[in-house]
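Read the structure below first, then the notes.
Nothing fancy with the numbering, it's 1 onward along the sequence.
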Amino acid sequence: MNQNTQNLSPRLNQNLQSSGSQVELSELTGIRGVFLDCINDPFSNGSNDSLDNPSAENLESLENSSIRYIPDGLLVLNQGHIHDFGAYSALADRYPNLTLTHYPDRLITPGLIDIHLHYPQTQMMAAYGEQLLDWLNQYTFPMEQSFQDPEHAAQVANFFVEELLRNGTTTAAVFAAVFPGSVDALFAAAQARNLRLITGKVMMDRHAPPGLLDTAQSAYEDSQRLIERWHGVDRLGYAVTPRFAPTSTPQQLQLAAQLLAEFPTVYLHTHLSENLDELAWVQELFPGSASYLDVYDRFALVTSRSIFAHCIHLSDVEFDRLADVNAAIAFCPTSNFFLGSGLFNIQKAKSEGRSINVGLASDVGAGTSFSMLKTAAEAYKVAQLQHQTLSPFQLFFLMTLGGARSLHLADHIGNFELGKEADFVVWNLQATPLMAFRNPGPLPTTFRELSDRLFSLLVLGDDRSVSATYIMGQQQFDSV
Ligand code: GUN
Ligand code: ZN
């Protein structure tokens, strides 16, 4: 046994024994700094993450909270995974020769998770003047045609992945285009940076320009090939991706469900109930269905591995159905404002007796920013307009652990639990003159200050606030 292992805590020794492998202490690295993560859902009852709670004044009360805050912490990494985590004072002696990176005046959080966006739309963000259906016809479809060219797809995919990292997003569920090569390009770009990424070929066999259409059968076969090539390789996952009900024939939706049956661990990723004209059109196209969600349900596309973007105009019955099957909702506030689609009712999803998995999503290119901070700030405003309040910790949950749970990845990512993959972001809370003016002095020492600082980061921060982004313990973006 390596001499240094004498220094390991009993807990750690136990872990090592149970995993059956011996860890070379010399291979460990450490990050020291100020850490914040979510260890549970702050929307669920019984949490004390409220400033109305008098005991929440001091940080010790975080013991029973869904939030964990460690003002001087140590994250010990082993081959890209979290080997140990806690207060620096408690852990430092156990790791005497650790190669340490110290961020004394930075906040470190888990990597952010964006559960719905479109990489082919990167270059058409800020397309003026239309709501969903006209926006698709006028801007989106022509832009997506250019992804027939694999070189163009590769160029945009590389830019897109760099943009995610620059914004602190370390996991994303992404629409590609209808062309299988567009999926290869994005998977390759993510794989090259060891990024966790879910994508899939858009399935679309009607109501789009001829150059963008597949057929029910070709979509099935292309998706099958892509799943076999990419799903479960490294950190990559596949999503069967019918664009939305109006652009797929019943036969195509049926074959999408067949793919889910053949490959039970792939995802289903689509749009649901975004715009009122879209809803009316769906009713026309599928007159026998009780609701928009029911269209997908009748084709067996509503499962625990389904991700539905938007969900603005859902009935209570539809919300109940999503809760029953444990499906996920992608809350896309900047997109919903931009296209004038409406206000997502998070209270219906997360309270009123329901606890639906909800994650935050940029929905680039209808969304107006890659920054999940800006996305969270807009989510707050969506709630405000409905006389609801989203706390800073609830917003933080939606873009970390909540996103991980929505994607069934909480065993791997979402917080700093031991054994998880070490994706994290180093934040500068004083990145701009305004932020420095708003947040003078040291990092928080009380719960109230922490909540305030976090909220100011969400509302005032953006890509300039990211000092560094780490993927599995390796720095993949550095602001300097
Ligand atoms: N519904 C169908 N396709 C799209 C899309 O590309 N973006 C958005 N926001 N909604 C859609
Ligand atoms: Zn979308």
Seminar exercise, completed: CD (Glu163) and CE (Met125) are apart, to the nearest 0.5 Å, by 8.0 Å
Exercise. Can a donor-acceptor pair be found between the side chains of His271 and His269 at a distance below 3.5 Å?
Worked result: no
For this session: Could you go through the salt bridge (Lys or Arg N to Asp or Glu O under 4.0 Å) check for Asp41 and Lys350 one step at a time?
Result: CA-CA 10 Å; Asp41 183 348; Lys350 299 295 287 181; 3.1 Å; yes
Exercise. Should the pair Asp294-Arg298 be classified as a salt bridge under the 4.0 Å nitrogen-to-oxygen rule?
Worked result: yes
Exercise. Under a 4.5 Å cut-off applied to non-hydrogen side-chain atoms, are Lys348 and Asp316 in contact?
Worked result: yes
Exercise. Mind checking whether Tyr95 and His83 have parallel, tilted or perpendicular rings, split at 30° and 60°?
Worked result: perpendicular
Exercise. Of all heavy-atom pairs between Tyr238 and Lys201, which one has the smallest distance, and what is that distance?
Worked result: OH-N, 2.9 Å
Exercise. Once you round to the nearest 0.5 Å, how far does CD of Gln191 lie from CH2 of Trp230?
Worked result: 5.0 Å
Exercise. Is it the case that Arg106 and Ser467 place a side-chain donor and acceptor less than 3.5 Å from each other?
Worked result: yes
Exercise. Taking the side chain as C-beta and beyond, is there a heavy-atom pair between Leu272 and Cys311 under 4.5 Å?
Worked result: yes
Exercise. How are the rings of Phe393 and Phe447 set to each other: parallel, tilted or perpendicular (split at 30° and 60°)?
Worked result: tilted
Exercise. Where do Lys374 and Ser369 come nearest, in terms of heavy atoms and distance?
Worked result: CD-OG, 3.4 Å
Problem set entry | Any donor-acceptor N/O pair, Gln121 side chain to Gly365 backbone, under 3.5 Å | yes
Exercise. Side chains of Arg405 and Asn326: do they bring a donor and an acceptor to under 3.5 Å?
Worked result: no
Exercise. Salt bridge between Asp452 and Arg438, side-chain N to carboxylate O under 4.0 Å?
Worked result: yes
Exercise. Quick one: do the Glu318 and Ser315 side chains pair a donor with an acceptor below 3.5 Å?
Worked result: yes
For this session: May I ask you to check whether Phe159 and Tyr119 place their ring centers less than 6.0 Å from one another?
Result: no
Problem set entry | Donor-acceptor contact below 3.5 Å, side chain Thr169 vs main chain Leu165 | no
Problem set entry | Heavy-atom pair with the smallest gap, counting every atom of Leu390 and Ala379 | CD1-O, 3.6 Å
For this session: Look at the aromatic rings of Tyr380 and Phe455 and report parallel, tilted or perpendicular, splitting at 30° and 60°.
Result: perpendicular
Problem set entry | Nearest heavy atoms of Leu195 and Val161, plus distance in Å | CD2-CG1, 3.8 Å
Exercise. Under 3.5 Å, is there a donor-acceptor pair between the side chain of Tyr296 and the main chain of Ala245?
Worked result: yes
Problem set entry | Ser406 side-chain N/O to Ala328 backbone N/O, donor-acceptor pair under 3.5 Å | no
Exercise. Backbone N or O of Arg243 within a donor-acceptor pair of the Thr270 side chain at under 3.5 Å?
Worked result: yes
Exercise. Side chains of Leu197 and Leu186: does their closest heavy-atom pair fall under 4.5 Å?
Worked result: yes
Seminar exercise, completed: Here the gap from Ile329 atom CD1 to Ile356 atom CD1, rounded to the nearest 0.5 Å, amounts to 4.5 Å
Exercise. Within a radius of less than 6.0 Å around CD of Gln123, do more than 12 heavy atoms belonging to other residues, nucleotides or ligands occur?
Worked result: no
Problem set entry | Over all atoms of both residues, closest heavy-atom pair of Ala172 and Leu117 | CB-CD2, 3.9 Å
Exercise. Judged by atom type as modelled, is there a donor-acceptor pair below 3.5 Å linking the side chain of Thr241 to the main-chain atoms of Ala239?
Worked result: yes
Problem set entry | Nearest heavy atoms of Pro110 and Leu36, plus distance in Å | CD-O, 3.2 Å
Problem set entry | Within-4.5 Å side-chain heavy-atom neighbours: Arg464 and Asn428 | no
For this session: Could you tell me whether the side chain of Ile307 reaches within less than 4.5 Å of the side chain of Leu407, counting heavy atoms only?
Result: yes
Problem set entry | Among Phe175, Phe308, Phe331, the one residue meeting ring-ring contact (aromatic ring centres under 6.0 Å, His included) with His116 | Phe175
Problem set entry | Approximate separation, where rounding is to 0.5 Å, of Leu457 CG and Asn439 CG | 8.5 Å
Exercise. So, Gln476 and Asn194: side-chain donor and acceptor under 3.5 Å apart, yes or no?
Worked result: no
For this session: Would you check if the side chain of Asp423 reaches a backbone N or O of Met472 as a donor-acceptor pair within less than 3.5 Å?
Result: yes
Exercise. Looking at side-chain heavy atoms only, is the closest gap between Val358 and Ile346 below 4.5 Å?
Worked result: yes
Exercise. Do the side-chain N and O atoms of Asp114 and Ser362 include a donor-acceptor pair separated by under 3.5 angstrom?
Worked result: yes
Exercise. Ignoring hydrogens and geometry, is there a side-chain-to-backbone donor-acceptor pair from Arg196 to Thr170 under 3.5 Å?
Worked result: no
Problem set entry | Over 12 foreign heavy atoms within 6.0 Å of CD, Glu162 | yes
For this session: To the nearest 0.5 angstrom, please state how far the CH2 atom of Trp427 sits from the CD1 atom of Ile108.
Result: 12.0 Å
Exercise. Once you round to the nearest 0.5 Å, how far does CZ of Phe344 lie from NE2 of His313?
Worked result: 12.0 Å
For this session: List the steps and the verdict of salt bridge (Lys or Arg N to Asp or Glu O under 4.0 Å) for Asp37 and Lys420.
Result: CA-CA 13 Å; Asp37 69 342; Lys420 287 196 182 181; over 6 Å; no
